[in-house]
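Only a predicted model underlies this, so the values are computations on that prediction, with no experimental measurement involved. In what follows, chains carry the letters A, B, and so on, assigned in the order in which the sequence lines appear, proteins first and then strands, with residues in each chain numbered from 1. All values below come from the heavy atoms of this structure, side chains included, with hydrogens, waters and symmetry mates left out.
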Amino acid sequence: MSETKPRKTYDPTALERRWQVRWAESGLYKTDEDPEKTKHYALTMLPYPSGDLHVGHWYAMTPSDTRARFMRMRGFRVFFPIGFDAFGLPAENAAINRGIHPYKWTISNIENMRGQLRQMGAMFDFGSEVVTCDPEYYRWNQWFFLEFFKKGIAYRTEAPVDWCPKDNTTLAREQVVGPDRRCERCGTQVIKKNLAQWLFKITDYAEELLDFSKIEWPERVKTLQTNWIGRSEGAEIDFEVENYGPVTVFTTRPDTLFGATFFVMSPEHPAVETITTPERSDEVRAYVEKAARMSEIDRTDVTREKSGVFTGAHAINPANGEKIPVFIADYVLMGYGTGAIMAVPGQDERDWEFAEKYGLPIIRTVQPPEDFDGKAYTGDGPAINSAFLDGLNVEEAKAGMAEWLEENGKGRAAVTYRLRDWLISRQRYWGTPIPIIYCDSCGTVPVPEGDLPVLLPEDAEFMPTGESPLKRDPDFYNTQCPACGGPATRETDTMDTFMDSSWYQYRYLSPHYDAGPFDPERGEKWLPVDQYTGGIEHAVMHLLYTRFFTKAMRDLGLVSFDEPMLKLFNQGIILGEDAEKMSKSRGNVVNPQEFVDRYGSDVLRSFLMFIGPWDQGGPWDGRGIEGVSRFLRRALSLTNGGTSDAEADPSELARRTARTVKKVTEDLEAFRFNTAIAALMEHTNYLLAVRGEAGERGWNESLRTFVLLLAPFAPHHAEEMWEALGEPYSVHEQPWPGWDEALIAAEEVTLVVQVNGKLRDRMSVPADISEEDAKELALSSARVRPHVEGRELRKSVYVPGRLVNLVVK
RNA sequence: GCGAGAGUGGUGGAAUGGUAGACACGCUAGAUUUAGGAUCUAGUGCCUUCGGGCGUGCGGGUUCAAGUCCCGCCUCUCGCACCA
């Protein structure tokens, strides 16, 4: 019978508190600056201070912490900072709804969350914390803005913008989601509005942003960004429109120009009004109005029948001089390409549909294969009806036409992107003021660097009216022109909060540095980020902006590399117990605090890592957490000095220990936390079953190794066990154990015997058994014999250490 | 419609082309306990005449051997959605 000493009461919360105090007192997680070690900058996406840590924060941060701890034990100097993305709408909404100032609301949330973060027991270096609504931080947003302005990266333009009527602010293109164009934050359908806005020329970097060769990022993110940037190669072609002049189209298929039998403009195209003939104007005007009234959701419905209206005008096909009719149609979008297309029904399905409906001629310019029975043919084939291109395949014909266009001044090779410039102006209070002054005599004047930061006034009226709240604060609004000293007014828009998160990883290095956005010496030592972790939802906003920002910083001479984060891992989403997304309205929100109070941080974090592959996410299982709690209690009991019936076989103990070290190491490298914990559980069960008399050397040595392996997952429990073993503080400063590959190979192996691929027997044999002996042994097995007797042995397969397969007829 | 990913016990999930279901949850029985809880031990894919048979969404193929590779379907999830 097993005999266990009476155990101290298990109180994980007290245990964890004790170690957290000790860690804080001893400065255990102060960043290691040892220049002898290789750097590892581990970064987890900074949270928005919404009030309380959500179980999603735990799911994002604690596995990152485990990974960072693992790297630290492996001998890297690790920088693992944390901060708060503190500007943004929720603070303003809270202020509006509850009358609390956004600053007060934000700061009290941050204080609350700081306490919860400490309870997490992660190795965050709280000394480098960054809070983005702090003037010490946003001053550098303004500084970057001015640098971008000088470089021509920041510019102002009057243009229709996407506007969220609920949040009363503009949105960047990336913040408008779905076919029905909703606000990424609140889900309201966006509308168009004409406003003068500040933008960043991210499109100048479109080509470079398509190059992922210097980073190891998930394919998914790379694909999303590539599609978002949406590069199309083709040509611009100038069509002479009657009584108007040249109108340029973009096409990816210049080779089909001879088949362009009509011309289509977007209803919003500026030429429409001028070219429409008087007899067509009523119909055209009606169509334009109808298109404008139509909701975006209807406008973008692919299944809708094509419609359009003839303007009465004609354009000249530059290739053959044919007069072709000019239509307007809502399937041509002003926001893509040039807002006008040449229609080639023979090679484009939409154009075919349109041509059929309006009885327009169809000319094929690519010969479809004989068995082709469709309508528009989009595949490859020899050019026909195309004069000098005839006989060429599509690629050759494209090049041939581009050359011809260029030579004849009718067009040119061109590349178009779907990506738009990044609109950063927000008509809101709670953000970084844009450091620009407007003067009647000097125009747009940047705030001199020495006058930064332009402080956000504390007492502005921030009710949303659709106008920038700062405009109604005369002390802020009215100022002097820095150039001429005359009366002037300030820009009253604030910056998109994605500005804050585009470069925070640099500020972490020296959060109080005042000679620049970050201390270049610190940058030299730590940049770029080695491992970034966060949610996939940021694939085309934050992750694209921060790449752009780093490239712009490089062009300003601030950094010498091209990419901000070398490796990226996206964790999944943790769902409610009903396998639905957690939401207050569904009532399936899991409050981590409840579980921290009951089981402690180590159990909660280990459970979240054990639940399944980290990138998969998955539903919360309130019962499952018990299993992990049991595991950590059992692990802890290993240091209580009990004994069990069985004694460890020394070579098996050594083998299993080495195997566990290998498994956990390799799994941690690959972010496979779930199988690493499974291996630790298995090893715990084994160690419990074979603890002989206390003091047995091999067993104790194995336990010591086990505690080291446990440390990144359950840092508090491991510390407690380490102390119980009489080892010096702290387990987190110990080197990661290695393993001897030679120990892993077993002396005896279980060989599987198959007959025609079917499992018939298992035998325990020496690992180095010869093929002949293995086969002979297999044939002599009582369970195998009935299946082979009287049949011809045609072949046998021997896989050393694994199986013998006897193939009989 | 296009693109990507995924379908394995009652559940979450494991499986370099080589013992399917590791590790857990749950469940069953037993031990302990005043009781409950906790803990410990054993069992737990399905069927079975106890020999064995069948099993990784469905149908085919390659192979000595397929959850894994190939082809064709079905279902689900996530992107994108008239992009010229």
With the side chain defined as heavy atoms from C-beta on, A:Thr251 is closest, among B:U39, B:A22, B:A84, to B:A84
Here the helical stems involving RNA chain B, each at least 3 consecutive Watson-Crick or G-U pairs closer than 3.5 Å, sorted by first residue number, are B:1-7 with B:74-80, B:10-12 with B:23-25, B:26-31 with B:39-44, B:45-47 with B:52-54, B:57-61 with B:69-73
Using atom types as modelled and distance alone, determine if a side-chain donor or acceptor of A:Thr261 lies under 3.5 Å from a backbone N or O of A:Pro361.
-> yes
Could you work out the separation of B:G43 and B:C25 based on their P atoms and round it to a whole Å?
-> 16 Å
What one-letter contact string describes nucleotides 8-20 of chain B from 5' to 3', where B marks a base within less than 4.0 Å of any protein heavy atom, S marks contact via sugar-phosphate atoms alone, and - marks no contact?
-> ----BSS-B-BBS
Measure from the side-chain heavy atoms of A:Arg760 and tell me the nearest of B:C83, B:G52, B:U39.
-> B:G52
Using a cut-off of 4.0 Å on non-hydrogen atoms, how would the nucleic acid contact of A:Lys758 be classed: base, sugar-phosphate, or nothing?
-> sugar-phosphate
Ring pair (Phe, Tyr, Trp, His ring centres under 6.0 Å) between A:Tyr358 and A:Phe262, worked out = CA-CA 11 Å; A:Tyr358 294 101; A:Phe262 57 102; 8.6 Å; no
No-hydrogen, no-angle side-chain donor-acceptor test under 3.5 Å, A:Tyr377 and A:Asp348 | no
Check: A:Asn640 main-chain N/O paired with A:Ser637 side-chain donor or acceptor under 3.5 Å = no
Fit a plane to each ring of A:His683 and A:Tyr686, take the angle between them on a 0 to 90° scale, and name the class: parallel (under 30°), tilted (30 to 60°) or perpendicular (over 60°).
-> parallel
Check every strand shown and say whether A:Val628 touches a base, only sugar-phosphate, or nothing at a heavy-atom separation below 4.0 Å.
-> nothing
Would you say the side chains of A:Arg634 and A:Asn685 form a donor-acceptor pair under 3.5 Å?
-> yes
Can you name the ring-ring contact (aromatic ring centres under 6.0 Å, His included) partners of A:His717, sequence neighbours left out?
-> A:Tyr10
Just to confirm, is there a sub-4.0 Å distance from OP1 or OP2 of B:G5 to any side-chain nitrogen or oxygen of A:Arg220?
-> no
Are any of A:Arg418's side-chain N or O atoms less than 4.0 Å away from OP1 or OP2 of B:A81?
-> yes
What is the distance from CD1 of A:Ile328 to C1' of B:C82, rounded to the nearest Å?
-> 16 Å
So, does A:Asn674 use its side chain to make a donor-acceptor pair with the main chain of A:Met609 at under 3.5 Å?
-> no
Just compare B:G79, B:C23, B:G52 and give me whichever is closest to any side-chain atom of A:Leu224.
-> B:G79
Write down the distance separating the C1' atoms in B:G13 and B:U8, rounded off to the nearest Å.
-> 9 Å
Using atom types as modelled and distance alone, determine if a side-chain donor or acceptor of A:Asp255 lies under 3.5 Å from a backbone N or O of A:Lys398.
-> no
Check: A:Gln616/A:Trp614 side-chain N/O donor and acceptor closer than 3.5 Å | no
B:G9: syn or anti, per glycosidic angle within 90° of 0 = syn
Among B:A22, B:A84, B:A24, the nucleotide that comes nearest once only the side chain of A:Asn685 is considered = B:A24
Answer with base, sugar-phosphate or nothing: what part of the nucleic acid does A:Arg630 contact at a heavy-atom distance below 4.0 Å?
-> sugar-phosphate
Is A:Ser232 near enough to B:A84 that one of its side-chain N or O atoms lies under 4.0 angstrom from OP1 or OP2?
-> yes
Closer than 4.0 Å, any side-chain N/O of A:Lys222 to the OP1 or OP2 of B:A4?
-> no
